[in-house]
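Each chain gets a letter, A, B and so on, in the order the sequences are listed, and its residues count up from 1. Values reported hereafter were calculated over all heavy atoms of this structure, with side chains retained and with hydrogens, waters and symmetry mates removed.
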Protein chains: 2
Amino acid sequence: MDEIALEIAKQCLAGQIKIVSRVVTGIYDRELKSCGLKITQASILVHLLAYGSRSGSALGRSLQMDKSTVSRNIDRMTKNGWVHKTDADNVEITEVGRELIVSARPQWEKAQKTVCSIFGSEGVEAVTLLTDRVKNRNKRK
Amino acid sequence: MDEIALEIAKQCLAGQIKIVSRVVTGIYDRELKSCGLKITQASILVHLLAYGSRSGSALGRSLQMDKSTVSRNIDRMTKNGWVHKTDADNVEITEVGRELIVSARPQWEKAQKTVCSIFGSEGVEAVTLLTDRVKNRNKRK
DNA sequence: GTCTCCATGTTGTATATGCAACATATAAGT
DNA sequence: ACTTATATGTTGCATATACAACATGGAGAC
């Protein structure tokens with residue numbers, strides 16, 4: 001079984017992706033720490049800024065996040081005053097949230113640059129490819 | 001800022017990788033659920049089977065996991081009787097753990113196949129590329 | 001031998017994450 | 001109108017994850 005286990009250890013796509021995710025998340029989180037942000041919440045803020053206020057479930061679909069995960073992330077961010085609920089129950093970024101994410105841009109850029117240099121241009125393309133495939137996984141054949 | 005935020009939302013490597021990671025982790029976890037396993041612990045078991053008993057920190061290095069994360073995962077797995085500590089304080093898979101991971105192989109294969117069909121051969125190669133780059137990130141230039 | 005440094009492991013604290021179960025609400029069909 | 005189905009949001013529970021702080025233990029330096 002040792003050799004078979006070795007093959008599985010090397011081939012498991014989830015295992016590999018989780019390793020990559022841990023490393024990359026760490027690079028961004030450590031960089032954003034000085035702003036009091038983590039990459040998950042930064043992503044949500046950027047999303048709200050880019051696409052405007054939306055429902056929690058719409059956010060979940062965009063970010064491929066369970067609705068309960070969205071709900072609790074929004075809770076934390078609401079406590080911080082970064083987002084709030086509109087009349088229509090949409091999640092909306094506040095002025096504080098907007099200023100925070102704008103101020104975090106240099107740190108984001110630095111982390112992005114670090115990861116780019118680790119991945120190389122092929123690696124960056126690889127990420128785009130994977131994201132596309134995942135997002136369109138139900139729209140084929 | 002809207003357009004800039006849009007660019008950032010689309011380009012952020014951490015955001016993209018975390019999306020992929022969430023989707024892929026979910027596919028494996030749902031498949032392994034019938035065995036009472038999740039992909040993180042399955043990865044640890046496979047690692048122990050492939051490389052033999054090792055220290056927690058060695059496991060952390062292989063899986064790019066913080067030592068505290070390893071420690072608590074091993075705790076849970078010890079309670080389940082899947083691993084134990086040797087005299088030399090190494091983590092070792094038990095017979096129960098071995099049988100469990102062997103029995104989980106069909107579910108793993110199914111999840112792997114599902115993700116392969118989403119990624120396509122280019123996607124699978126992309127994952128390998130990213131893993132290599134991440135693991136060798138300090139060994140260049 | 002002693003002291004210092006580094007590797008290792010654990011614990012406190014906090015975020016991130018998902019499933020199941022529940023409550024609501026909205027839409028559609030009859 | 002009533003019913004049913006679907007979408008949405010929250011909460012209980014459990015795992016996964018990392019940083020900071022701490023304790024320990026071994027390896028050299030002297």
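- Applying the salt bridge (charged side-chain N to carboxylate O under 4.0 Å, His left out) definition to pairs two or more places apart or across chains, those involving residues 117-130 of chain B are A/Arg133-B/Glu122.
- When side chains are defined from C-beta on, B/Cys12 does not count as touching A/Val46, because their heavy atoms never get closer than 4.5 Å.
- Of the two residues near DNA chain D, A/Asn90 and A/Gly26, the one whose nearest nucleotide lies more 5' is A/Asn90.
- Here chain B contacts DNA chain C (any atom closer than 4.0 Å to a heavy atom, that is under 4.0 Å), and the contacts span C/dT8 to C/dA20 from 5' to 3'.
- The main-chain N or O of A/Met65 is never found under 3.5 Å from a side-chain atom of A/Thr69 such that the two would form a donor-acceptor pair.
- Judged as a side chain to side chain contact (heavy atoms under 4.5 Å, CB included), and not counting sequence neighbours, the contacts of B/Gln64 are A/Ile19, A/Val23, B/Arg137.
- Annotation: side chain to side chain contact (heavy atoms under 4.5 Å, CB included) contacts of A/Glu92 (sequence neighbours excluded): A/Ser53, A/His84, A/Thr86.
- Applying the side chain to side chain contact (heavy atoms under 4.5 Å, CB included) criterion to A/Asn80, with sequence neighbours excluded, gives A/Gln41, A/Trp82.
- In this structure, the side chains of A/Leu48 and A/Leu59 come closer than 4.5 Å at one or more pairs of heavy atoms.
- DNA chain D lies under 4.0 Å from at least one heavy atom of each of the following residues of residues 51-76 of chain B: B/Gln64, B/Met65, B/Asp66, B/Ser68, B/Thr69, B/Arg72, B/Asn73, B/Arg76.
- For residues 31-71 of chain B, the ring pair (Phe, Tyr, Trp, His ring centres under 6.0 Å) pairs, not counting sequence neighbours, are B/His47-B/Tyr51.
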Inset, instruction - With side-chain contact (heavy atoms from CB on, under 4.5 Å) as the test, would you mind laying out the steps for B/Ser43 and A/Lys18 before giving the verdict? - result: CA-CA 10 Å; B/Ser43 292; A/Lys18 281 173 85 72; over 6 Å; no

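- Applying the salt bridge (charged side-chain N to carboxylate O under 4.0 Å, His left out) test to every pair with at least one member in residues 47-71 of chain B, sequence neighbours left out, gives no pairs at all.
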Name the atoms and distances for all side-chain donor-acceptor pairs under 3.5 Å in residues 24-33 of chain A, with sequence neighbours left out.
from: A/Thr25; atom 1: OG1; to: A/Ser21; atom 2: O; distance (Å): 2.6
from: A/Tyr28; atom 1: OH; to: A/Gln112; atom 2: OE1; distance (Å): 2.4
from: A/Asp29; atom 1: OD1; to: A/Ile39; atom 2: N; distance (Å): 2.8

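- Listed by residue number, the members of residues 31-47 of chain B with any heavy atom below 4.0 angstrom from DNA chain D are B/Lys38, B/Thr40, B/Gln41.
- Remark: B/Glu99 pairs with B/Glu95 by the side chain to side chain contact (heavy atoms under 4.5 Å, CB included) rule, at least two apart or across chains.
- First and last contacting nucleotides of DNA chain D toward chain B (any atom under 4.0 angstrom from a heavy atom, 5' to 3' order): D/dT15 to D/dC19.
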